[in-house]
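Have a look at the structure below, then the notes.
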Amino acid sequence: MRKFVGETAKTLIANNTIASVVKLNPHHRPSSPNYCSNRSHLPPSLYSPISSYSIMASTPPVTVESLNPKVLKCEYAVRGEIVSVAEKLQEDLQANPGSHPFEEILYCNIGNPQHLGQKPITFFREVLALCDHPALLDKRETMGLFSVDSIKRASLILDQIPGRATGAYSHSQGIKGLRDTIAAGIEARDGFPADPNDLFLTDGASPGVHMMMQLLIRSENDGILCPIPQYPLYSASIALHGGTLVRYYLDEATGWGLEISELKKQLDAAKQKGITVRALVAINPGNPTGQVLAEDNQRQIVDFCKKEGLVLLADEVYQENIYAPDKKFHSFKKICRSMGYGDKDIPLVSFQSVSKGYHGECGKRGGYMEVTGFSPEVRQQFYKVASVNLCSNISGQILASLVMSPPKVGDESYDGYMGERDGILKSLARRAKTLEDAFNSLEGVSCNRAEGAMYLFPNIRLPNKAIKAAEGAKKAADAYYAIRLLNATGVVVVPGSGFGQVPGSWHFRCTILPQEDKIPAIVSKLTDFHKKFMDEFRD
């Protein structure tokens with residue numbers, strides 16, 4: 001019986017395949033009604049089951065052309081072509097030392113502090129270690145290896161986790177006790193109440209941004225106002241969810257100022273095109289621009305969103321990264337409450353991450369979004385979308401609570417924690433100033449002050465011959481410059497065209513994250529390369 005069924009199946013496969021081949025050849029006509037069963041005149045390859053499979057699979061089921069067009073439209077310059085080239089160069093150097101005119105790749109392309117040598121905060125890692133391996137709490141040696149307050153904090157956190165298990169799923173908004181801690185930290189920061197039920201703990205800020213785009217964008221007729229230059233997460237996320245990026249340009253001449261007249265102009269232009277603008281993105285401190293918004297400017301933005309009925313999406317992941325002594329971070333929630341707007345007056349979503357700041361825990365993927373000003377019915381939809389992802393990772397949730405509630409005065413870890421924190425932030429400020437001065441000393445380059453965040457975004461006025469050469473290479477002029485810089489020096493920066501810029505202007509983004517002892521080499525390499533590049537293409 002099995003033999004009969006097997007032979008029958010083979011015959012059916014072969015006959016169907018032959019029929020398909022015949023259909024593919026419209027000029028072929030069978031010579032008899034029994035053509036498909038009488039195969040003696042055909043070569044064996046046409047009715048072999050293996051060859052039949054090969055014919056059927058000759059056309060790939062997925063091609064670039066058949067992918068979701070929203071994915072094809074999406075771009076993310078921070079990890080784009082420039083990084084692919086850098087990784088290939090790094091492989092070359094490892095396989096063949098001395099194969100390039102530099103000894104190492106100096107990554108200045110992405111805000112990834114620990115990849116570039118920054119050490120994690122001791123208190124944070126002690127608490128994480130104890131939470132992930134609670135058995136350590138019962139060992140005599142633990143008291144000699146860990147601080148008393150890290151042991152106490154780990155025990156408290158474990159008591160808040162159902163089953164005391166960091167390997168288990170949590171509530172979709174995050175562990176309630178950790179949300180309580182974060183809410184208390186927000187209240188201490190702003191001086192206004194915070195509700196733990198307004199918090200959604202996320203795997204870094206990026207999933208929160210994606211979630212909001214997914215909720216707000218219904219079609220390409222829905223637009224999101226974004227600053228230009230912008231962090232490419234926003235343009236990529238808007239593209240993936242099928243919306244329209246509505247650009248508003250920051251004013252480089254005034255230190256990347258945000259003018260309300262520009263917001264109004266771009267909003268009106270979008271409306272004339274039939275686009276319904278749903279939200280406004282404000283990045284403070286700025287990425288890639290490094291500016292810190294003034295309180296008055298923030299109030300103007302809040303009033304604009306209130307008047308126009310826009311959701312305010314506040315990217316505040318660099319709130320600890322403030323370097324200018326005359327600048328201070330103020331959350332948009334604090335601004336809203338100080339203006340008299342309550343929980344129901346203006347829809348506001350604030351994003352925070354453990355990846356930035358002085359902690360730089362990018363790989364732990366922790367963060368949160370605080371959601372206020374939405375109806376209970378809308379909030380239920382937020383929760384539903386969060387539930388689809390089950391929950392964010394528990395280590396990231398724990399870190400988010402630690403970032404918002406670090407050691408206090410009197411704790412055993414306080415002095416060490418403050419020394420690590422202040423040491424990192426002061427070093428970042430020095431690195432920012434050194435790079436800023438270096439850029440401003442280059443021919444045709446101007447660079448605004450880095451007031452905060454982790455980046456500089458110098459403007460580079462390229463010679464016409466260089467722009468023509470870039471056109472010949474089918475690249476944006478700043479991408480051409482960045483590739484040439486990489487191949488000559490090993491220094492990786494990201495072309496400004498990946499962030500958006502005023503048409504006809506050129507920039508690149510450079511992080512301030514390489515360790516301080518690497519900065520002189522970066523400055524020297526950049527200076528030498530830039531002089532040779534400008535001489536080569538001088539008009």
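Only a predicted model underlies this, so the values are computations on that prediction, with no experimental measurement involved.
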Please find out if less than 6.0 Å separates the ring center of [X] from that of [Y].
X      : Y      : answer
Phe374 : Phe382 : yes
Tyr318 : Tyr455 : yes
Phe499 : Tyr231 : no
Phe508 : Phe439 : yes

For the student: nearest non-hydrogen atoms of Gly286 and Ala453, plus distance
O-CB, 3.3 Å
To check you understand the geometry: which heavy-atom pair defines the closest contact between Tyr368 and Glu370, and what is its length?
CD1-N, 4.0 Å
Kindly check if the number of other-residue, nucleotide or ligand heavy atoms within 6.0 Å of CD (Glu104) is above 12?
yes
Closer than 3.5 angstrom, by distance alone: can the side chain of [X] be matched with the main-chain N or O of [Y] as a donor-acceptor pair?
X      : Y      : result
Asn448 : Glu252 : yes
Glu316 : Phe332 : yes
Arg431 : Pro514 : yes
Arg509 : Asn109 : yes
Ser401 : Ile398 : yes
Ser427 : Ile424 : no
Asn321 : Gly357 : yes

Do the non-hydrogen side-chain atoms of Ser497 and Asp478 ever get within less than 4.5 Å of each other?
yes
